[in-house]
A.B. asks: 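First the structure, then my questions, so here it is.
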Amino acid sequence: QPKAFIFDLDGVITDTAEFHFLAWKQLAEEVGVIFDRKFNEQLKGVGRMDSLERILQLNPERAVMPLAEKERLAAQKNANYLELIAKTTPADILPGIEELLRTAQESGVKIALGSASKNAAFVLEKLELTHYFDYIVDAATVKNGKPHPETFTTAADALGVAYSDCVGIEDADAGVTAIKSAGMFAVGVGDAQHLPHADYRVDSTDELEFTDIIRRYEE
Ligand code: B16
Ligand code: MG
């Protein structure tokens with residue numbers, strides 16, 4: 001059986017995507033950029049500064065500005081986001097996830113969080129899930145965001161597990177690509193159209209069963 005599970009946060013453990021969207025939308029309005037849910041799909045799994053760059057590209061006139069100004073905008077987005085997630089509770093854990101974490105832990109599988117979010121540890125605290133995790137990747141120390149494999153290899157290295165013994169669980173194509181590039185088994189959560197590269201795919205988190213994942217990994 002695999003020795004480690006590495007979970008994405010947003011879209012897998014909880015649905016922070018809507019709050020990221022609302023926080024960016026507020027900011028986009030301030031900088032005169034039109035921004036919708038469809039475009040937001042492209043930002044899933046993408047780090048804060050990279051997301052800002054993509055949003056600014058929507059209005060080329062605003063895309064060129066000093067780094068300090070970009071940092072101010074990114075900080076403003078994060079302030080919007082923190083206000084929105086302040087009310088997060090364990091009721092916001094996506095269906096089936098706590099069961100999967102519990103079963104994996106009881107089976108001796110190590111568990112890590114591989115999120116691009118600098119707020120990941122805070123969100124896990126709010127969800128009261130921190131105790132399941134042997135390691136949380138610090139997004140601030142990862143140089144190359146998803147689809148680069150660094151987020152996932154950092155987690156495996158910290159756990160001392162070979163990449164081929166790891167299963168990564170992701171809802172974003174950029175994340176699935178990162179897992180595959182690391183030489184890990186990729187479980188995708190979401191529709192087939194968005195996740196063409198997953199080794200094993202389910203439509204939603206409530207279909208994530210420990211024994212199914214192990215079986216597919218071993219096939
Ligand atoms: P922060 P994940 C990602 O989380 C989100 O999907 C993405 O929308 C967000 O921009 C990124 O984290 C950075 O988040 O601004 O909180 O550092 O899916 O990798 O868990
Ligand atoms: Mg995600």
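Just follow the structure's listing: the first ligand is 1, and inside any ligand the first atom is 1.
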A.B. asks: Assess whether a salt bridge exists between Arg201 and Asp203, defined as any Lys/Arg side-chain N lying under 4.0 Å from an Asp/Glu carboxylate O.
C.D. replies: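 Here Arg201 pairs with Asp203 in a salt bridge, since their nearest N and O are under 4.0 Å apart.
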A.B. asks: Answer yes or no: is there an ion pair linking Glu219 with Arg216, defined by an N-O contact shorter than 4.0 Å?
C.D. replies: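 So Glu219 pairs with Arg216 through a salt bridge.
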A.B. asks: Could you tell me if the ring centre of Phe35 sits under 6.0 Å from that of Phe21?
C.D. replies: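 Yes; Phe21 has its ring centre under 6.0 Å from that of Phe35.
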A.B. asks: If you look at every heavy atom in Ala112 and Leu159, which pair is closest and at what distance?
C.D. replies: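 That would be CB-CD1, 3.8 Å.
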A.B. asks: Take atom CD of Glu218 as the centre, draw a 6.0 Å sphere, and report whether it contains more than 12 heavy atoms from other residues, nucleotides or ligands.
C.D. replies: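 More than 12 heavy atoms, drawn from other residues, nucleotides or ligands, come within 6.0 Å of this atom.
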A.B. asks: Between Leu43 and ligand 1, which part of the residue brings a heavy atom under 4.0 Å of the ligand: side chain, backbone, both or neither?
C.D. replies: backbone
A.B. asks: Looking at ligand 1, does any of its N/O atoms fall within less than 3.5 Å of an N/O of Asp171?
C.D. replies: no
A.B. asks: Would Lys44 and His20 count as a side chain to side chain donor-acceptor pair (under 3.5 Å) if you check the C-alpha gap in whole Å, the side-chain angles of each, and the deciding distance to 0.1 Å?
C.D. replies: CA-CA 9 Å; Lys44 286 189 178 174; His20 282 296; over 6 Å; no
A.B. asks: Between Trp24 and ligand 1, does any nitrogen or oxygen pair lie at a separation below 3.5 Å?
C.D. replies: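 There is no such contact.
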A.B. asks: With the threshold set at under 4.0 angstrom, would you say Lys146 reaches ligand 1 through any of its heavy atoms?
C.D. replies: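 The answer is yes: ligand 1 sits under 4.0 Å from a heavy atom of Lys146.
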A.B. asks: Name the closest protein heavy atom to atom 4 (O) of ligand 1, giving the residue it belongs to and the distance to 0.1 Å.
C.D. replies: Asp10 CB, 3.6 Å
A.B. asks: Between Ala186 and Asp199, which heavy-atom pair has the shortest distance, and what is it?
C.D. replies: N-OD2, 2.7 Å
A.B. asks: Considering non-hydrogen atoms of the protein only, which is the closest contact for atom 20 (O) of ligand 1, and what is the distance?
C.D. replies: Ser115 OG, 2.7 Å
A.B. asks: Decide yes or no on side-chain contact (heavy atoms from CB on, under 4.5 Å) for Asp8 and Ile169, but give the supporting numbers first.
C.D. replies: CA-CA 6 Å; Asp8 175 44; Ile169 306 167; over 6 Å; no
A.B. asks: Can you tell me which residue and heavy atom of the protein come closest to atom 15 (O) of ligand 1, and the distance to 0.1 Å?
C.D. replies: Arg48 NE, 2.8 Å
A.B. asks: Which protein non-hydrogen atom lies closest to atom 18 (O) of ligand 1, naming both residue and atom, and how far is it?
C.D. replies: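 Checking every protein heavy atom, the shortest distance to atom 18 (O) of ligand 1 gives Asp8 OD1, 2.9 Å.
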A.B. asks: Compute the shortest N/O to N/O distance between Asn78 and ligand 1 and return yes if it is under 3.5 Å, no if not.
C.D. replies: no
A.B. asks: For ligand 1, which atoms, with element, lie under 4.0 Å from some heavy atom of Asn119?
C.D. replies: 1 (P), 16 (O)
A.B. asks: Regarding ligand 1, does Val46 bring an N or O atom to under 3.5 Å of one of the ligand's N or O atoms?
C.D. replies: yes
A.B. asks: Output yes when Glu41 and Arg37 qualify as a salt bridge under the 4.0 Å nitrogen-oxygen rule, no when they do not.
C.D. replies: no
A.B. asks: Within less than 4.0 angstrom of ligand 1, does Gly45 place any heavy atom?
C.D. replies: yes
A.B. asks: Between Thr151 and ligand 1, find which residue part has any heavy-atom pair under 4.0 Å and reply side chain, backbone, both or neither.
C.D. replies: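 Neither; nothing of Thr151 gets under 4.0 Å from ligand 1.
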A.B. asks: Which ring-ring contact (aromatic ring centres under 6.0 Å, His included) pairs, counting each pair once, include a residue from residues 165-208, with sequence neighbours left out?
C.D. replies: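 Sorted pair list: Phe185-Tyr217.
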A.B. asks: If you count heavy atoms of other groups shown closer than 6.0 angstrom to CD of Glu83, is the number above 12?
C.D. replies: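 Open.
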A.B. asks: Between ligand 1 and Ser117, is the shortest N or O to N or O distance under 3.5 Å?
C.D. replies: yes
A.B. asks: Look at atom 17 (O) of ligand 1 and say which protein heavy atom is nearest, naming residue and atom and giving the distance to 0.1 Å.
C.D. replies: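 The answer is Lys118 N, 2.7 Å.
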A.B. asks: At a 4.0 Å threshold, what atoms of ligand 1 neighbour a non-hydrogen atom of Lys44?
C.D. replies: 6 (O)
A.B. asks: With a sphere of 6.0 Å drawn around NZ of Lys70, does it hold more than 12 non-hydrogen atoms of other residues, nucleotides or ligands?
C.D. replies: yes
A.B. asks: What atoms in ligand 1 come closer than 4.0 Å to a heavy atom of Lys77?
C.D. replies: 15 (O)
A.B. asks: Suppose the cut-off is 2.8 Å; how many protein N/O/S atoms fall inside it around the Mg ion (ligand 2)?
C.D. replies: 3
A.B. asks: For ligand 1 and Tyr81, I'd like to know whether there is a polar contact (N/O to N/O, distance under 3.5 Å).
C.D. replies: no
A.B. asks: How close do Ile111 and Leu101 get, counting heavy atoms only, and between which atoms?
C.D. replies: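 Ile111 and Leu101 have their closest heavy atoms at CD1-O, 3.6 Å.
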A.B. asks: For Ser51 and ligand 1, answer yes if some heavy atom of the residue is under 4.0 Å from a ligand atom, otherwise no.
C.D. replies: yes
A.B. asks: Taking 4.0 angstrom as the limit, do Asp92 and Lys126 come out as a salt bridge?
C.D. replies: no
A.B. asks: Nearest 0.5 Å, please: how far is CD1 in Ile93 from CG in Asp15?
C.D. replies: 13.5 Å
A.B. asks: Quick one: look up the protein heavy atom nearest atom 13 (C) of ligand 1 and list residue, atom name and how far away it is.
C.D. replies: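 For atom 13 (C) of ligand 1, the nearest protein heavy atom is Ala116 O, 3.5 Å.
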